[in-house]
Structures are given as structure tokens and as C-alpha cells.
Number of protein chains: 2
Amino acid sequence: MLTKKQNDVLMFIRQRIRQGLPPTIREIADEFRFGSTGTVRDYLKALVKKGFIALCEKKSRAIELTEKAMLNIPILGRVPAGVPVLAVENVEDYFNVDKLFSQKDDLFFLRVHGDSMIGAGIMPDDLVLVKKQSCAQDRDIVVCRVDEEEITVKILRNRENRFFLEPANKNYSIIPLNEHSQIVGKVITAIRRYI
Amino acid sequence: MLTKKQNDVLMFIRQRIRQGLPPTIREIADEFRFGSTGTVRDYLKALVKKGFIALCEKKSRAIELTEKAMLNIPILGRVPAGVPVLAVENVEDYFNVDKLFSQKDDLFFLRVHGDSMIGAGIMPDDLVLVKKQSCAQDRDIVVCRVDEEEITVKILRNRENRFFLEPANKNYSIIPLNEHSQIVGKVITAIRRYI
DNA sequence: ATTTGTACCACACAAATGTGTGGTATGTCA
DNA sequence: TGACATACCACACATTTGTGTGGTACAAAT
């Protein structure tokens, strides 16, 4: 689909975009030792025509990569036999960083201590992303301060309007919520880093 | 440290950079209905002085975010009794969202199917962030194509230079790696969204 | 009382940058 | 043959864009 040179130009543009600043036409010309800006525009036109980039007229550096050139991190669903892993048909969605981590300041991470939530897949040293709120619903995973003690992560349970904190580990017991306890927030994401 | 307005300008710049194209001085002026480019330069100067951005002279749109300005969500460690949750002394580290997703190129997410890794806290429907690589080490959690079948997530085991794929669930059995199997990548992060 | 920082404005200028119109040469495909 | 894509170049032009030099007003700190 793309010629070698066209691919080289696309790779250069991608690299610059990844570094945070798309190149100008003359910067591309300099990189490839082209004597004319017209040459660059021939390449850009070809890349637009083939669907790898989009240009915004009259704006400097306004080169965008299309989905074809892959800007977001793809989320793959089931990957059938024989199909290359990153093939387009496997892409279930794209992971939108901005959606998950909106720049609101009522979010914080909490490092999990202990194994009381291990049955829910929350392991010691995991990070849980917590949205600050003082109320929550049945089955929400909440961060709670119990008896003015340390902070704990548990499953909130509502049984006939009485609230309990339920661990996801049979070695721990259920704690009823009382007036000395306070919900700090609700767990909206759990993250574990292996490196 | 930053005034409300300075923060607003910084957030606008951040948003534009995330979208792939930093703004020009006049685009910032338009956004905030400033009548003069000089006003914008006052803001940029202030942001440079306070260490949130860096500028490259004579280049259009050349605004870079410093580490200080990247989206940092506080990570809390142990929160002792009586101390407000988000107090400074609880902050163990900052989770730098921009940094985690900056490499982009050889990363993809895979949605996990099945419960074969449940013992390692990787549940069905979790997203695992995978770095593409064809080799891995003992105990790494890897994404692998076995017998040219579907993709699977398992623990890689090296016993006397023989490689095995080990599930984290006793209902599944250990699979020896053979010439029809291929490591696709290494799991570097696991993410579970509750909303 | 003076300095410093914040928060704006006006206008001009030079450089950077995209655009337009031409050109040459080579090869492929129908 | 003709049409088309690729791969370059030259040069002029208009707009965009960063820069420079001024200004006003207000508030807080020294």
C-alpha cells in the first residue's frame, strides 16, 4: 500500500507526534534533504489519499494520524487462531486515558495492604483508584474508616437498611457499620503494575 | 503555587497536547478571549518561571509539559487513625498517567477471558496492558499463542531450560511450550474498571 | 514608598509556515 | 499511445505565528 519512502515519511511524522510536536513541512524537508517544500506536500497528499494522515488547512504542524496509523492503545478482545494479534478485526475498543482519569481532584490512589479482598482480585500492593464520596450502594467496593482506625477496603452490603463491610476472604469477618465509621470513597478502578 | 487562571491556561494547554497538537499563542488568546498576544505571553512566562512548561524559541506551538505539569494522582500508603485521608503525610508517591501511556507504540490492551489466572488476581474481563516482545523470563506473566490456537494469558515457567505455561488456577493444567507456540508479549499492568 | 507579581491591552515587525503555480524525469498499466 | 502515480525541484506569495516594545490597573509584600 505504502511505498518505502512514503512509509519513512510517515514513521518520521509519527515519531515527532509521539515526542509531542508534529513537524512542519520544512522540518520534514530538512530531515529527508528535500530541496523543496513541494516534494513534502506530494508525500503528504499521498498519505492523505491513502488514509494514514489528516491535515488541517492553514494550521501549522496540523498533521493528525488516523486510526489506521493507530494513535490510541487498542484493546483486543478474543483473538482467533491464525490471525495476527494486532489485526484490525481484533480491536474491541480503544483505551481512552482522558476518559478514565479526568482531571478532577477528587480522585486518589490507595495502596492496598493485606489480603482481605483477594477473592475480588484485589491483591496486596495493588493500587485502587478511589473517587471521594461519603455514600455508596450495595455491592460497591468502598474505602472506609472504621471505628476511627486505619483505612480499609471492603465490599459495602445493605441488608434491610443496615450496612455492613464484607471482606472477600473467608479468613476475615463481616463488620457492621456504626456511627464511628465513615465511607471515604468508592473504588472505581484497580491497577496492578508488574514492572 | 499557581493562580486559578494560570491553572486554567495550563489545563487548556495540557488538553490540546493530549489531543496531539499544542496550541499557538493566538489560539490560547482566542480560547480565553484575550485581546492581545502579550497577555498570553505573560501567562506562558509565569508557567515557565514556575516550572510547569518549557518553550522552544521561534518554533510554532513548541510548548512542552514538564513532569511537574503532567497529571499526577496521589498514591496513599497506610493512612493512620485520626489523620485526614488526603493529608500530605499520607502521600506515598504520585501516579503519573502521562508517563505510563507515553510509550504507546508497542503496547496494547487485551481483555481477559476465562478464570485461569484468578489466583494471580487477574479476573475475567480485566484489561491487561501488554508490551509486545517475543521473549520473557521465568515468572513473567505472558501473553502467548499456543499451538496456533487462540491467545492465552499465563505465567511463564523456566525449569531446566524447558518452558511451561502455568495457570493460576488448580482447575487448569500446565502447558509445555513447543515450536507451535509463540510468546506475544509480557503483561506489565492489569486494570479493572468497576464503572 | 518601592518593588514585585498578576492581569490585562495595542501595535508593529520579522520570521516561520502553508499555499500556489509552474517544471523535469521515471515507471506502470490498460 | 495516453493516463496516472511516484519522486523530485524552483520560486513567489499570503497568512500564521512568535517577538519586541510599549502601556494601564490592582494588590501584596518589603
Side-chain angles (χ1 to χ4, degrees), chain A residues 1-66 68-69 71 103 105, chain B residues 1-69:
Chain A
M1 191 78 177
L2 284 183
T3 67
K4 165 103 175 60
K5 281 232 160 187
Q6 285 172 351
N7 193 60
D8 288 348
V9 172
L10 181 61
M11 287 304 129
F12 174 70
I13 292 169
R14 285 181 50 145
Q15 179 200 319
R16 288 301 188 87
I17 286 177
R18 225 176 303 124
Q19 286 167 11
L21 194 64
T24 64
I25 288 175
R26 280 173 180 82
E27 281 170 3
I28 298 173
D30 287 351
E31 172 71 17
F32 293 96
R33 307 247 161 83
F34 293 143
S36 168
T37 57
T39 304
V40 178
R41 292 199 303 148
D42 285 347
Y43 278 102
L44 295 184
K45 268 183 209 160
L47 290 173
V48 169
K49 196 175 177 188
K50 292 179 176 179
F52 288 87
I53 63 170
L55 300 176
C56 189
E57 286 185 357
K58 305 204 175 209
K59 274 182 160 185
S60 66
R61 305 178 188 275
I63 307 174
E64 250 186 298
L65 296 182
T66 61
K68 211 170 175 180
L71 199 110
Q103 46 278 63
D105 53 1
Chain B
M1 192 76 175
L2 284 183
T3 66
K4 167 99 173 60
K5 280 233 157 188
Q6 286 172 351
N7 193 61
D8 288 348
V9 172
L10 181 61
M11 286 304 129
F12 174 69
I13 293 169
R14 236 172 57 82
Q15 179 201 320
R16 288 301 189 86
I17 287 178
R18 282 254 189 99
Q19 286 168 10
L21 194 64
T24 64
I25 288 174
R26 280 173 182 83
E27 282 169 2
I28 298 172
D30 287 350
E31 171 71 16
F32 293 96
R33 308 247 160 80
F34 293 144
S36 169
T37 57
T39 304
V40 177
R41 293 199 303 144
D42 285 346
Y43 278 101
L44 295 184
K45 268 184 211 160
L47 289 173
V48 168
K49 195 175 177 187
K50 291 178 177 181
F52 288 87
I53 63 171
L55 301 174
C56 189
E57 286 185 357
K58 308 212 174 200
K59 275 184 161 183
S60 66
R61 305 178 188 274
I63 306 174
E64 252 186 297
L65 294 183
T66 62
E67 257 198 38
K68 205 173 175 182

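Lettering follows sequence order; numbering is per chain, from 1.
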Just how far, in rounded Å, is P of dT15(D) from CZ of Arg61(B)? 18 Å
Expressed as a whole number of angstroms, how long is the span from Asn7(A):CG to dA7(D):C1'? 16 Å
Starting at the 5' end of DNA chain D and moving along, which residue's nearest nucleotide shows up first, Tyr43(A) or Thr37(A)? Tyr43(A)
Quick check on contacts: within residues 45-57 of chain B, what sits under 4.0 Å from DNA chain D by heavy-atom distance? Glu57(B)
With a 4.0 Å cutoff (strictly under), does any side-chain N or O of Gln6(A) reach OP1 or OP2 of dA7(D)? yes
Could you point out which residue of Thr37(B), Thr39(B), Val40(B) forms a side-chain contact (heavy atoms from CB on, under 4.5 Å) with Ile28(B)? Val40(B)
Between C1' of dA15(C) and NZ of Lys59(B), the distance in whole Å: 15 Å
Where is the tightest heavy-atom contact between Ser36(A) and Ala29(A), given as atom of each residue plus distance? O-CB, 4.3 Å
Send over the distance from Lys5(A) NZ to dG27(C) C1', rounded to a whole Å. 16 Å
dT6(D) P sits how many Å from Asp8(A) CG, rounded? 15 Å
Under 3.5 Å, is there a donor-acceptor pair between the side chain of Arg61(A) and the main chain of Leu21(A)? no
From CG of Leu21(A) over to P of dG18(D), roughly how many Å is that when rounded to an integer? 10 Å
Here the distance between atom P of dG18(D) and atom CD1 of Ile63(B), to the nearest Å, is 8 Å
Is Thr3(B) close enough to dT6(C) that one of its side-chain N or O atoms is under 4.0 Å from OP1 or OP2 there? no
Give the ring-plane orientation class for Tyr43(A) versus Phe34(A), where under 30° counts as parallel, over 60° as perpendicular and anything between as tilted. parallel
Verify the contact: side-chain N or O of Ser60(B) to OP1 or OP2 of dG18(D), cut-off strictly under 4.0 Å; return yes or no. no
Begin from the C-alpha positions of Glu31(A) and Gln15(A) and carry the test side-chain contact (heavy atoms from CB on, under 4.5 Å) through to its verdict. CA-CA 12 Å; Glu31(A) 172 71 17; Gln15(A) 179 200 319; over 6 Å; no
Of all heavy-atom pairs between Gly51(A) and Thr66(A), which one has the smallest distance, and what is that distance? O-OG1, 2.7 Å
Would you say CD of Gln6(A) has more than 12 non-hydrogen atoms from neighbouring residues, nucleotides or ligands within 6.0 angstrom? yes
Would you kindly give the CZ-to-P distance between Arg41(B) and dT6(C), to the nearest whole Å? 17 Å
How many angstroms lie between CG in Leu47(A) and NZ in Lys49(A), if you round to the nearest 0.5 Å? 12.0 Å
Can you name the residues that form a side chain to side chain donor-acceptor pair (under 3.5 Å) with Asp30(A), not counting sequence neighbours? none
Among residues 23-36 of chain A, which contact DNA chain C at a heavy-atom distance under 4.0 Å? Thr24(A), Ile25(A), Arg26(A)
